[in-house]
There are 2 protein chains.
Amino acid sequence: MMKKYTIKNIAELAGVSKGTVDRVIHKRGKVSALALEKVTAVLNEIDYKPNLLARSLKNTKDYHICVVLPDYTKDAFWLPCYEGIVAAVNEFASFGVFIEPFFFHPNDVHSFVEVNKKVLELAPDAVLLAPLFYKETVGIINKYALKNIIVSKFNNQLEIENTKNFVGQDLFKSGRIAAGLLQMIIKKNATIDIIHVDEDFNNSIHMQEKEKGFRDYFDEIENSDYKIVTHNSKQSDLANNLDSIFSDSFTSDAIFVTTSKVYEVAEFIKSKNLNNVKLIGYDLLEENIQYLKENVIDFLIHQNPKKQVYLGLNYLVDFFLFNKEIPSKSLLPIDIITSENIDTYLEN
Amino acid sequence: MMKKYTIKNIAELAGVSKGTVDRVIHKRGKVSALALEKVTAVLNEIDYKPNLLARSLKNTKDYHICVVLPDYTKDAFWLPCYEGIVAAVNEFASFGVFIEPFFFHPNDVHSFVEVNKKVLELAPDAVLLAPLFYKETVGIINKYALKNIIVSKFNNQLEIENTKNFVGQDLFKSGRIAAGLLQMIIKKNATIDIIHVDEDFNNSIHMQEKEKGFRDYFDEIENSDYKIVTHNSKQSDLANNLDSIFSDSFTSDAIFVTTSKVYEVAEFIKSKNLNNVKLIGYDLLEENIQYLKENVIDFLIHQNPKKQVYLGLNYLVDFFLFNKEIPSKSLLPIDIITSENIDTYLEN
DNA sequence: GTGAAAGCGCTAACAG
DNA sequence: CTGTTAGCGCTTTCAC
């Protein structure tokens, strides 16, 4: 067990003052060659770890972080993100960090732009945002950059300059995972339908990436002939589309829904008693959990939105308070959820 | 956005001194009714959050935590635990917390006792331990308690008095999860073998709990007749036992291995070309990962030992530094791992 | 180029 | 019972 050193100790050992030690440690210059040498000699001898609490205390500055995300009353997918924010607000308030959520309408570019304008005027220290709309995000991010506001993204991995980091999942892989799971529980060369359910198509890059991964998996299987058909459907047209998927001339063995709207498909399957149709989709919405427990949905893939937001905020806080580096990208594990392990995730 | 208040602010608002405010906040008494009233009035008005950095800085005490766990060179299961320790050591050293690992031999009660004796003499502030041996653990924990050393447990949930908390998983549930996964990929009323592979039987409560959950799941399925046979096998006898499981007169459709030694079974299955036998087991050991990727193992259940240790340590640190409460029990999510999502867990 | 000193917010010791 | 004061470790300002 080694002794703990403070700046004062080092100053004494090197025969200089605390101020000089500090200048050396932070490379602030204005140090004579001799002093520099004496201090570095000591530093090399011992294992000095600055006391991060003290360092941060000195900096009595308050930090302000805004989170820009879709309104969870419009799309329940975003509810856990809000919970992540609430958790972070409580956790970090005691350290002088204020976190504030700002909501936009998930299908309305205009509200996205407006809300970002508002945030821009507030000039917080950092913004964590769900960049649903590519073009508009590019514009707004540049404005943030001009004001030296740090921007982090979560959930949607748009390749954009000037952002500090991204927290989310690898969507291609998540598509492959869905495919791997389905393959295990369906017969060889089955007929599979991919359904992209979304009100608008702002989510389309997301969904396409998942589809690519899904198809990639089945393409790799040798001597096989799975029939995979893709459908784009607005939520409102879904019933019609499903009717035709299960019409006399067609039928489906399994369905992969690329969004959290899988409960809509589950409802249809349950009502039509299509008990043999395998179903896989995304996210732990109330309705999805219900259908999972009833085994209408076989698997859910957990995108962990709460953790995404919390982690994104945590990175920023550690950066501000303790100068910790932020990784440019953190891809979270992709959790497979069944009716059996769901509870262990909900307890959290 | 609300203003941030300090003790000084409150003192001014209440017309008393900082000392008095501190006494009120910490209920240290020795405060006149009038002063008490004035201060509480102010506290009710505003939302005061003490600056935890400052509070902790004042307390210049160093904390010492010992982790007692099996030697990972004897059983690779414990390697990630060690990694969790290393991560925590680096993370928390800057806050004046020293964390030190102590290893015992996983099959040797004696070494467990000896190592705990050594730790006891060091008299750290807290001990995080993997309580492999029930009886001996009870004895040692009482000795820790006498010295006011906080004890936390991880991995093995022995019901023991005088411990601060437990981090681990619900083993019964993990057995059910294994069952649910197998059921999806085997034919109805298949023959299933449960194999408890372990050198000694110190792990037996662990394994039995998993078996209970596993059987519970199949018992619940109506109108079914799955044939489930349990085998206890030392690692050294495993080949013989497997030979008899797959002898002419018997055969198995699926195997559930209740420990991380599933790779031993995988090796057998691969060498005998038993391609149709489904296999599920525990933990992300190198060998297990290899067989998972080759699809010899169908599923692994991830017990997240690294996270268990890190979280256990994190609780202790937050308790020491910031007085955060420690939950008496935290059950981690039970992750389902396939050849497709394994990489997303390894990147971490 | 360097040291001395002040102060971040909180706690604890001490004098009154 | 209460106010003042010193000091945790670090940073920053200000004389010299």
Side-chain angles (χ1 to χ4, degrees), chain A residues 3-40 42-43 46-63 92-98 320-324, chain B residues 3-40 42-43 46-63 92-98 320-324:
Chain A
K3 184 179 168 352
K4 220 190 139 197
Y5 293 92
T6 70
I7 285 229
K8 198 177 151 196
N9 299 149
I10 297 172
E12 283 161 3
L13 286 171
V16 297
S17 75
K18 291 196 299 172
T20 303
V21 175
D22 188 67
R23 278 184 280 263
V24 172
I25 287 173
H26 292 288
K27 301 195 175 72
R28 276 197 244 287
K30 310 197 177 200
V31 175
S32 69
L34 178 64
L36 180 71
E37 200 195 335
K38 283 194 293 186
V39 174
T40 32
V42 175
L43 285 176
I46 67 170
D47 179 39
Y48 170 65
K49 314 231 179 184
N51 184 325
L52 295 186
L53 296 174
R55 180 177 286 177
S56 187
L57 175 62
K58 188 67 187 69
N59 208 0
T60 182
K61 180 169 164 24
D62 281 358
Y63 294 94
F92 302 128
S94 314
F95 297 99
V97 180
F98 293 100
F320 286 135
L321 295 184
F322 306 125
N323 245 306
K324 296 230 176 110
Chain B
K3 185 178 165 358
K4 219 189 142 197
Y5 293 92
T6 70
I7 287 226
K8 198 177 151 197
N9 300 148
I10 298 171
E12 283 162 4
L13 287 170
V16 297
S17 74
K18 291 195 301 171
T20 304
V21 175
D22 187 66
R23 278 183 281 263
V24 171
I25 287 173
H26 292 288
K27 302 196 175 71
R28 274 197 247 286
K30 311 198 175 195
V31 175
S32 69
L34 177 64
L36 179 69
E37 200 195 334
K38 284 195 291 186
V39 173
T40 32
V42 175
L43 285 176
I46 66 170
D47 179 40
Y48 171 65
K49 315 233 176 177
N51 184 324
L52 296 185
L53 296 174
R55 180 177 285 177
S56 187
L57 175 62
K58 188 67 186 66
N59 210 3
T60 182
K61 180 169 164 25
D62 281 357
Y63 294 95
F92 302 128
S94 315
F95 297 98
V97 180
F98 293 99
F320 286 135
L321 295 184
F322 305 124
N323 246 305
K324 297 230 174 112

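Within every chain, numbering begins at 1; the chains are lettered A, B, ... in the order of the sequence lines, protein sequences first and strands thereafter.
- Nearest heavy-atom pair across B:V24 and B:L43 is CG1-CD1, 4.4 Å.
- Evaluation of the ring pair (Phe, Tyr, Trp, His ring centres under 6.0 Å) rule for A:F95 yields B:F322 as partners, not counting sequence neighbours.
- Atom CD1 of residue A:I7 and atom OG1 of residue A:T20 lie 10.5 Å apart, to the nearest 0.5 angstrom.
- The distance from the CG atom of A:L13 to the CD1 atom of A:I46 is 6.5 Å, given to the nearest 0.5 Å.
- Bracketed by its first and final contacts, the part of DNA chain C lying under 4.0 Å from non-hydrogen atoms of chain A reaches from C:dG1 to C:dG9 in 5' to 3' order.
- Between A:N9 and A:T6, the shortest heavy-atom contact is OD1-N, 2.8 Å.
- Within the structure, the side chain to side chain donor-acceptor pair (under 3.5 Å) test picks out the following pairs touching residues 50-59 of chain A (sequence neighbours left out): A:N59-A:Y63.
- Taking a 4.0 Å limit (strictly below) on heavy-atom distances, residues 18-37 of chain A reaches DNA chain C at A:T20, A:R23, A:K30, A:V31, A:S32, A:A35.
- Scanning both residues, B:A11 and B:S17, for their nearest heavy atoms gives CB-C, 3.7 Å.
- With contacts defined as side-chain heavy-atom distances shorter than 4.5 Å, the pair A:V97/A:F320 does not qualify.
- Two end axes, each from the C1' atoms of five base pairs, can be drawn for the helix from C:dG1-D:dC16 to C:dG16-D:dC1; they diverge by 60°, to 10 degrees.
- Contact record, A:F98 with A:D62: CE1-OD2, 3.5 Å, taken as the closest heavy-atom pair.
- The number of heavy-atom neighbours closer than 6.0 Å to CD of A:E12, taken from other residues, nucleotides and ligands shown, is above 12.
- At the heavy-atom level, A:Y5 lies nowhere under 4.0 Å from the strands shown.
- Other residues, nucleotides and ligands place more than 12 heavy atoms under 6.0 Å from the NZ atom of B:K61.
- Closest approach of A:Y5 to A:D47, counting heavy atoms only: CD1-O, 4.5 Å.
- The residue among B:L57 and A:G15 whose nearest nucleotide of DNA chain C lies closer to the 5′ end is A:G15.
- Of all non-hydrogen atoms in B:V31 and B:L36, the two that sit nearest each other are CG1-N, 3.6 Å.
- Chain A approaches DNA chain D over the interval D:dG9 to D:dT12, counting the first and last nucleotide 5' to 3' with an atom under 4.0 Å from its heavy atoms.
- Residue-level contact check: B:Y48 touches the backbone only, with heavy atoms under 4.0 Å from sugar-phosphate atoms and none from bases.
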